[in-house]
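Computed from a predicted model, the values in this text were never measured in an experiment. All residue numbers refer to positions in the sequence shown, counting from 1.
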Amino acid sequence: MPETPIGPTSQSYISQRLRLHYADWGNAGAPHLILLHGGRDHCRNWDWVAEDLRADYHIIAPDLRGHGDSAWSESGDYSMSAFVYDLAQLIHQQKLAPARIIAHSLGGNIALRYAGVFPETVSKLVAIEGMGPSPEMMGQRSQRGATERMRAWVADTRKLAGRIPRRYPTIEDAFHRMQAENRHLTEAQARYLTLHGAMQNEDGTYSWKFDNYVRAFRQPDMTTSEQQQLWERITCPTLMFYGRESWASNPAEDGRIRMFRTARIVSVERAGHWVHHDRLDLFLDEVRRFL
């Protein structure tokens, strides 16, 4: 047997009565590094990053509530405030502060909000396309008004209540769906992410591990002005990544970078939304220098 484990151990903590899972890559005594995944994803999507950085950091990669091997919220509460609370509880209970955080998409949005609320607990922050919809999209949403937005959320949630999770006849079928979701993935990457992201049902079919209710964020969320106030409170050095082939709006181009004190943006060619998968070597080079 090797003296050190090849992969992470599975651990858990409690937040709002939910048992939430995290992968612990070991290396006690090293600086803490939290890896926070995006929506409808799971903590093992960070394995390539963790394998590279585990020698220098004590890496903790949580599954968000309703994702991966974490519990589903019985009330369907997947509000941003609930996600931020879960991160706050992980850092508080496991005594991870001051922590370095690398976060993607939904995870990036959570981390940016957390770092604004508790700036003293974050020493470095890397956000991959974590600022959410562009100012243009947010402007279009705000034109609908609070009542219309709430009615739309109720309607969407009601539809999700009747939605049956999709079942794939074989793990190979789920793998092909993963490939279709991100054409930048290699075959090996897509297969690996599928094996960790799918579960087998009693009838032998396969479904994704995430709760369908995560598709509808609870309203009302923070206003644009309130989010900007949090971004302005972030004191730690911040590094942001944006893929040139992604749907996300680059804050260097839409003006949101002005809300940050020390942020730097890396715009990545030949990359989509999952920069840490699409251009892993470039991502790791930038992150090592930054951390």
Side-chain angles (χ1 to χ4, degrees), residues 33-43 45-46 48-50 52-53 61 64 80 83-84 87 100-116 122-141 178 181-186 189-190 193 217 221-222 224 227-291:
L33 174 60
I34 300 171
L35 306 180
L36 210 59
H37 68 76
R40 289 178 284 168
D41 213 330
H42 53 83
C43 70
N45 100 90
W46 291 111
W48 294 281
V49 174
D52 188 87
L53 299 177
L64 301 177
M80 290 301 299
F83 285 129
V84 171
L87 176 59
R100 294 165 173 81
I101 301 176
I102 301 177
H104 172 237
S105 194
L106 169 61
N109 202 316
I110 297 166
L112 287 167
R113 295 182 188 216
Y114 174 84
V122 183
S123 60
K124 295 280 184 72
L125 175 58
V126 178
I128 308 167
E129 304 201 355
M131 295 184 70
S134 68
E136 181 180 0
M137 293 177 64
M138 292 300 292
Q140 292 173 352
R141 289 183 183 182
M178 177 69 72
E181 183 69 16
N182 183 4
R183 293 296 184 181
H184 288 278
L185 291 174
T186 66
Q189 285 176 316
L193 293 172
F217 293 124
D221 191 16
M222 285 184 174
T224 299
Q227 288 191 57
Q228 291 175 351
Q229 289 174 28
L230 287 185
W231 297 339
E232 291 171 347
R233 283 177 44 83
I234 297 174
T235 57
C236 68
T238 304
L239 181 64
M240 298 183 181
F241 285 88
Y242 279 81
R244 296 298 296 176
E245 298 177 18
S246 174
W247 57 265
S249 175
N250 190 322
E253 299 168 357
D254 63 33
R256 289 179 294 175
I257 189 62
R258 296 193 302 269
M259 307 299 169
F260 293 84
R261 303 184 189 185
T262 60
R264 180 171 70 88
I265 295 174
V266 178
S267 183
V268 184
E269 298 289 346
R270 304 192 309 281
H273 185 53
W274 286 267
V275 174
H276 55 305
H277 292 327
D278 303 345
R279 299 292 306 278
L280 177 63
D281 289 344
L282 180 150
F283 176 76
L284 286 171
D285 286 344
E286 291 282 354
V287 165
R288 281 194 216 99
R289 286 194 294 269
F290 175 74
L291 294 179

* To do: Return the set of residues passing side-chain contact (heavy atoms from CB on, under 4.5 Å) with Arg183 (not counting sequence neighbours), or none when no residue passes.
  => Ala180
* Can you name the ring pair (Phe, Tyr, Trp, His ring centres under 6.0 Å) partners of Phe83, sequence neighbours left out? -> none
* For Ser123, what residues pass the side chain to side chain donor-acceptor pair (under 3.5 Å) criterion, not counting sequence neighbours? -> none
* Would you please name every residue forming a ring pair (Phe, Tyr, Trp, His ring centres under 6.0 Å) with His273, sequence neighbours left out? => His104, Trp247
* Go through the structure and list residues passing side chain to side chain donor-acceptor pair (under 3.5 Å) with Gln228, not counting sequence neighbours. => none
* Using side chain to side chain donor-acceptor pair (under 3.5 Å) as the criterion, list what pairs up with Ser246, not counting sequence neighbours. => Glu129
* What pairs with Asp52 under side-chain contact (heavy atoms from CB on, under 4.5 Å), at least two apart in sequence or on another chain? -> Leu284, Arg288
* Please name all residues satisfying side-chain contact (heavy atoms from CB on, under 4.5 Å) with Glu181, sequence neighbours left out, ordered by chain then number. => Arg177, Trp274
* Structure fact -> With sequence neighbours left out, the residues meeting side chain to side chain donor-acceptor pair (under 3.5 Å) with Thr235 are none
* **Those residues that, when tested against Tyr242, pass ring pair (Phe, Tyr, Trp, His ring centres under 6.0 Å) (two or more places apart)** => none
* Structure fact -> Sorted by chain and residue number, the side-chain contact (heavy atoms from CB on, under 4.5 Å) partners of Val268 (sequence neighbours excluded) come out as Phe241, Val266, Ala271, Val275, Arg279, Leu282
* Residues which pass salt bridge (Lys or Arg N to Asp or Glu O under 4.0 Å) with Arg40, listed by chain and number, not counting sequence neighbours -> none
